[in-house]
K.L.:
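What follows is a single structure, and I will ask about it in a moment.
In the text below, chain A, chain B and the rest are named by the order of the sequence lines, each starting its count at 1.
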2 protein chains.
Amino acid sequence: MTLIKPFRELCAEHGIAVTHQRQVLYEVMQGMDGHPSPEEIYARVKRKIPSISLATVYKNIHLFVESGVLREVSLHHGSQRLEMNAEEHHHLVCSKCKSIEDIDESSLGALPKRRKLADGFLVERYSVDVIGICAKCQ
Amino acid sequence: MTLIKPFRELCAEHGIAVTHQRQVLYEVMQGMDGHPSPEEIYARVKRKIPSISLATVYKNIHLFVESGVLREVSLHHGSQRLEMNAEEHHHLVCSKCKSIEDIDESSLGALPKRRKLADGFLVERYSVDVIGICAKCQ
DNA sequence: CAAATAAACAGTAATTATTACTGTTCAATA
DNA sequence: TATTGAACAGTAATAATTACTGTTTATTTG
Ligand SMILES: [Mn+2]
Ligand SMILES: [Mn+2]
Ligand SMILES: [Zn+2]
Ligand SMILES: [Zn+2]
């Protein structure tokens with residue numbers, strides 16, 4: 001469905017420079033499915049550019065995410081955070097400052113919940129992140 | 001709404017032993033709002049039990065989470081993961097093995113989306129984690 | 001085209017978050 | 001009261017990430 005755009009176009013659109021390392025990194029990542037980690041990506045890129053540095057991989061992944069070329073699975077993947085609100089609720093996550101605010105279910109509107117989903121996944125609960133820009137960051 | 005249950009009852013229900021450190025740790029955590037990190041919790045507990053070890057705090061937070069006494073904000077907070085699926089989609093997250101599977105929006109049923117929420121939060125997108133037990137782990 | 005300039009890079013050191021290990025304390029039990 | 005196992009404090013080790021430094025590369029300018 002989504003047509004594959006050449007890397008140089010993507011870079012132009014997002015205002016970042018094209019380099020050989022970035023091009024290969026991006027293409028290698030496109031060839032991986034699921035949700036790879038920087039280390040896994042590094043291992044693959046190294047096969048194409050053996051001299052590449054892990055730091056360069058991290059730096060460019062970060063650049064891609066910052067500039068919007070690609071996205072990360074969770075905006076709050078750093079250190080562990082404990083949930084002190086026992087009520088059933090969800091979160092407003094600011095994509096700029098990464099702040100996390102509680103929002104209760106009723107403010108979101110009812111979610112259509114199912115106990116059982118395809119391929120036999122047994123549902124315990126839904127956790128919704130509403131991602132956007134908080135009042136302060138606007 | 002949720003009535004405050006004494007700590008010893010909670011421990012009994014979840015099959016873990018009561019100790020002085022655990023009791024104080026739990027009560028201190030209850031007194032914090034939002035989504036504190038282990039380090040922040042450690043700093044506070046240290047005021048009540050100056051001799052407590054950071055390792056003990058980590059170990060008992062882990063125990064609380066494992067036994068279900070409390071929960072963490074994100075099940076996948078460890079290392080960064082990159083999203084290689086450009087389609088709009090959501091995730092099935094297994095609370096046992098922490099695996100993350102893509103699920104497309106249509107399988108979930110329509111979410112009632114709003115562009116603007118209370119306190120001026122500007123919505124970019126919704127990200128839903130359906131948390132439960134995957135087929136393999138059942 | 002050659003020198004100057006700045007961005008990007010590789011390699012490595014440092015930092016942060018977390019877990020593992022070790023010897024000691026403590027509380028329940030025989 | 002002696003035994004014993006769980007929990008603890010203190011510290012070492014590991015994993016993930018970021019910072020730093022000197023070198024290479026591409027671009028711009030004279
Ligand atoms: Mn919350
Ligand atoms: Mn995904
Ligand atoms: Zn913000
Ligand atoms: Zn599983």
Side-chain angles (χ1 to χ4, degrees), chain A residues 7-8 10-12 14-29 35-67 69-82 98 100, chain B residues 7-8 10-12 14-29 35-67 69-82 98 100:
Chain A
F7 182 64
R8 19 193 82 257
L10 257 183
C11 287
H14 293 92
I16 69 174
V18 180
T19 71
H20 178 60
Q21 282 83 345
R22 281 174 198 167
Q23 172 119 35
V24 173
L25 175 61
Y26 180 78
E27 278 159 10
V28 165
M29 289 179 79
H35 311 99
S37 68
E39 285 281 353
E40 286 163 359
I41 294 163
Y42 172 60
R44 287 243 198 160
V45 178
K46 225 173 154 55
R47 302 211 291 250
K48 304 247 177 188
I49 310 177
S51 67
I52 203 168
S53 162
L54 177 59
T56 297
V57 171
Y58 267 104
K59 202 140 31 71
N60 284 320
I61 287 174
H62 192 251
L63 179 74
F64 289 161
V65 170
E66 282 293 282
S67 65
V69 169
L70 51 86
R71 82 176 32 150
E72 49 192 338
V73 174
S74 169
L75 292 189
H76 36 265
H77 67 91
S79 71
Q80 186 184 38
R81 295 304 171 115
L82 283 307
K98 319 293 190 209
I100 305 173
Chain B
F7 182 65
R8 20 192 82 256
L10 258 183
C11 289
H14 293 93
I16 68 175
V18 180
T19 72
H20 178 59
Q21 281 84 345
R22 281 174 198 168
Q23 171 119 36
V24 173
L25 174 62
Y26 180 79
E27 278 160 10
V28 164
M29 290 179 80
H35 310 99
S37 67
E39 285 281 354
E40 286 164 358
I41 294 163
Y42 172 60
R44 287 243 199 161
V45 177
K46 225 172 152 56
R47 301 211 291 251
K48 304 248 176 186
I49 311 177
S51 67
I52 202 168
S53 162
L54 177 58
T56 298
V57 170
Y58 267 104
K59 203 142 28 74
N60 284 320
I61 287 173
H62 192 251
L63 179 73
F64 288 162
V65 170
E66 281 294 281
S67 65
V69 169
L70 50 87
R71 85 176 30 149
E72 50 192 337
V73 173
S74 171
L75 292 189
H76 35 267
H77 67 89
S79 72
Q80 186 184 38
R81 293 305 170 115
L82 282 308
K98 318 296 190 207
I100 305 174

K.L.:
Each nucleotide in nucleotides 5-24 of chain D should get exactly one letter: B, S or -. Can you fill that in based on protein heavy atoms under 4.0 Å?
P.N.:
--SSBBB----SBBB-----
K.L.:
If we ignore hydrogens and angles and just use 3.5 Å, is the side chain of B/Arg22 paired with the main-chain N or O of B/Ala17 as donor and acceptor?
P.N.:
yes
K.L.:
Check the pair B/Leu54 / B/Glu39 against side-chain contact (heavy atoms from CB on, under 4.5 Å), numbers first and verdict last.
P.N.:
CA-CA 8 Å; B/Leu54 177 58; B/Glu39 285 281 354; 3.7 Å; yes
K.L.:
Would you say that more than 12 heavy atoms from the other residues, nucleotides or ligands in this model lie under 6.0 Å from the NE2 of B/His14, or not?
P.N.:
yes
K.L.:
With a 6.0 Å cut-off (strictly less than), is the heavy-atom count around CZ of A/Arg81, excluding the residue itself, greater than 12?
P.N.:
yes
K.L.:
Give the C-alpha distance, both sets of side-chain angles, the deciding distance and a yes or no for side-chain contact (heavy atoms from CB on, under 4.5 Å) between A/Asn60 and A/Tyr26.
P.N.:
CA-CA 9 Å; A/Asn60 284 320; A/Tyr26 180 78; over 6 Å; no
